[in-house]
Amino acid sequence: MTDYSTSLRTDRCGDLRVGDVGRQVTLCGWVDRRREHGEHLAFVDLRDRSGVVQLVIDGAHDLRSEYVLQVTGTVRERPADTANDGLATGAVEVDTTDVTVLSTAEPPPFPLDDRIDVDEVVRLRHRYVDLRRPRMQRNLEVRARVNSAIRQAMEEQGFVEVETPMLIASTPEGARDFVVPSRKEPGSFYALPQSPQIFKQLCMVGGVDRYYQIARCLRDEDLRADRQFEFMQLDAEASFVSQDDVLAFISHAVSSATEAVTGERPGEIPRMSWDEAMERFGSDKPDIRFGMELVELTEVFADTGFRAFQAPCVKGIRVPGGADLSRNRLDDLTEQCKQWGAKGLVWMKVEDDGINSPVAKFLSDEEMGALRSTLEAEIGDLLLIVADERHTVRHVLGLVRLELGRPPVTEGGLHFLWVVDFPLFEGLDDTGNPIPAHHPFTMPHEEDLDALERGDLLDVRSRAYDLVLNGWELGSGSVRIHRREIQEQIFAVLGIGAEEAQTKFGFLLDAFRYGAPPHAGFAFGMDRLTAILAGEENIREVIAYPKTQSGADPLTNAPARIDEHHLTELGLRILPPTD
RNA sequence: GGUCCUGUGGUGCAGUUUGGAGUGCACGCCGGCCUGUCAAGCCGGAGGUCGCGGGUUCAAAUCCCGUCAGGACCGCCA
């Protein structure tokens, strides 16, 4: 039990219980609420990180909201019928004899009440006030507990924490780098790390056979509910291991973090192949908390006369009870599907007297029957069908499924999932070169080395894997290539020549010449894991000082201009805006 | 780069569809009353560039155009 007493206080407000009755205590905290009954009786809820306790004050005091107080008094049991069951300290109160105002305060810019959703930019501008709210206190605590549990879990498994630099050389692949100008070498720039990827692989060559780091990563890409410019990853890498070993290490870590927050350890995390995830859920990060899976209909319409269904792939989803969606909503949904890349969306309402759909007249009775039985349609359901190239159908229906079925973050439990057997390449670019799905050091699946040899590149799976939680991609990893000839083969199919490879990745390739162990690793986003465990839809809620969607910080007004002489020193000049 | 939603006293909202005086609700704030409240209660009061700019109109929070800010999403994030 931590001792929270200090020179200024004996106890924390929220810790007082019936067992403390009779004790004289000194407390420090903020005025949460006041209930004044004239000159001779006032109730003041005093709040600190631990919670609130009711002070009973006799005599006049000018105590306003958010004043910081030090009070001394005696803990006593509340009179009969005045206990507050809704409060942890509700059985007691402090009969206050001394009150010292440590700080006065202006009225807060917004109510410190978790029941009211205040505009986020107002909260961020006064984040120091926002952080006093129980919700934020709790989220920061959840975050700290997750961090601690992850560290402990990695260390239990023999991982060594190694710190890697923030000022590094820009690497050409991947996300847009944040850059930092060099003063000593004007015109040259450092990049801030998108991840410690190369450093951790160098650690493997360096004999650190189990590396981990809770690392800050920075990517200059557009922000989202689950993405900030800077974010924290558990980054890990191990030597002399297989994919299964890595999955076990990371499963242990996320299970420990989950247990630390919820008190319950999740069972073994199931695995699903990338192909199955795409076929059944239309996503490589399937949210398996709910059904509405994608159902294959290509065969049903193999000989159809309906032109819109004469496509390489037809799939549908059944929305239980969705027949009451309005025509407007369906039109919006159809429009959205077009924006997502489909030619259109076919909807059918299953009603008492048959199928209600604008396209029903184009389909034969056999097709209708087969459709209903394949989708297991029941009266009151809505059926949504997309026909197109297979990847488009999966993608669009996957988004439709989430749009219509995704539960709130706090519902449906915690469903971790390993997605394995990713393709090595996700397609071909305009010049016919394959696009690596992961990074170019990802080991091809050993069973698919023949296909790689033959040049059937899109059939080659990789030893890459993702960890998914409730439809959020927590992170990804892979077995790395440590053999020179396979690396050269990959570079060759990627169209990267020996010289280019040397320029881009020279120091890693050089390192590999000095004895590279087989190794594999993983990294996952701590903010995302923490948000879901805290029941938040948005990682900003678990970050003390986040940025808005445009990348600004309303608290400090970053980003900001810098002085001319500062620019000059760095050899920089700002161009006029172009438009 | 794109689609959609939001912007009204300190805070949360209604009002915008169908133009007619800044019209309303709740919280907070200020003052008064109040000895068992706990989202205390009662009485009174203050507080507004309806995000900003332009247009239409006799008249704009309301309609139109532009712009800024915030949010959700697509693209992007090897």
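Chain letters run A, B, ... following the sequence lines, proteins first and then strands; every chain starts at 1.
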Could you state the atom-to-atom distance from CG of A/Asp222 to P of B/G75 in whole Å?
12 Å
Side chain of A/Arg33 - closest among B/A40, B/U3, B/C74
B/A40
Ignoring hydrogens and angles, are the base of B/C76 and the side chain of A/Arg227 linked by a donor-acceptor pair under 3.5 Å?
yes
Examine the base of B/G12 for any acceptor or donor lying under 3.5 Å from a partner atom in the side chain of A/Arg123, and report the outcome as yes or no.
no
When you compare B/C50 with B/C13, how far apart are their C1' atoms, in angstrom units rounded to a whole number?
14 Å
For the pair A/Asp20 and A/Arg17, find out whether any cationic side-chain nitrogen is under 4.0 Å from an anionic carboxylate oxygen.
no
Output yes when at least one side-chain N/O atom of A/Arg35 is less than 4.0 Å from OP1 or OP2 of B/A40, else no.
yes
Residue mapping more 5' on RNA chain B - nearest nucleotide basis, A/Asp45 or A/Pro107
A/Pro107
Would you call A/Asp48-A/Arg12 a salt bridge at under 4.0 Å N-O?
no
Side chain of A/Asn84, base of B/C38: donor and acceptor closer than 3.5 Å?
yes
Under 4.0 angstrom between A/Ser65 side-chain N/O and B/G28 OP1 or OP2
no
Go through the N and O atoms of the side chain of A/Gln336 and the base of B/U3, and report whether any donor-acceptor pair is under 3.5 Å.
no
Pairing of A/Asp32 and A/Arg132 as salt bridge, 4.0 angstrom limit:
no
Establish whether the base of B/C38 is bridged to the side chain of A/Arg34 by a donor-acceptor pair shorter than 3.5 Å.
no
Can you check whether A/His37 stacks with the B/G36 base, using ring centres under 5.5 Å and planes within 30°?
no
Separation of B/C38 atom P from A/Asp113 atom CG, nearest Å, is 15 Å
Distance in angstrom units between A/Leu333 CG and B/C4 P, rounded
15 Å
I'd like the P distance from B/G19 over to B/C73, given in whole Å.
36 Å
Quick test of the criterion, 5.5 Å between centres and less than 30° between planes. Is A/Phe43 stacked on B/U37 or not?
yes
Checking base pairs now: Watson-Crick or wobble, both atom distances under 3.5 Å. What partners B/C63?
B/G55
Select from A/Gly38 and A/Pro108 the residue whose nearest nucleotide in RNA chain B is closer to the 5' end of that strand.
A/Pro108
Span that lies between the C1' atom of B/A69 and that of B/G55, in whole angstrom
23 Å
Distance between the C1' atoms of B/A39 and B/A60, in whole angstroms?
38 Å
Expressed in angstrom and rounded to an integer, what is the separation of A/Leu397 atom CG from B/C74 atom C1'?
16 Å
When you check the gap from the basic side-chain N to the acidic O, do A/Arg224 and A/Asp222 get nearer than 4.0 Å?
no
Can you tell me, in whole Å, how much space there is between the C1' of B/C58 and that of B/G75?
49 Å
Check this for me: does any side-chain nitrogen of one of A/Arg227 and A/Glu221 sit under 4.0 Å from a carboxylate oxygen of the other?
no
When the C1' atoms of B/A14 and B/G2 are considered, how many whole Å apart are they?
33 Å
With A/Asp113, which of A/Arg47, A/Arg33, A/Arg133, A/Arg135 fulfils salt bridge (charged side-chain N to carboxylate O under 4.0 Å, His left out)?
A/Arg33
In whole angstroms, how far is the P atom of B/C27 from the CD1 atom of A/Ile116?
11 Å
With the threshold set at 4.0 Å, does a side-chain nitrogen-carboxylate oxygen contact exist between A/Glu541 and A/Arg138?
no
B/C5 to B/U23 separation - C1' atoms, rounded to the nearest Å
26 Å
Determine: side-chain N/O of A/His395 to OP1/OP2 of B/G75, distance under 4.0 Å, yes or no.
yes
Report yes or no: is there a donor-acceptor pair, N or O only, under 3.5 Å between the side chain of A/Glu93 and the base of B/G36?
yes
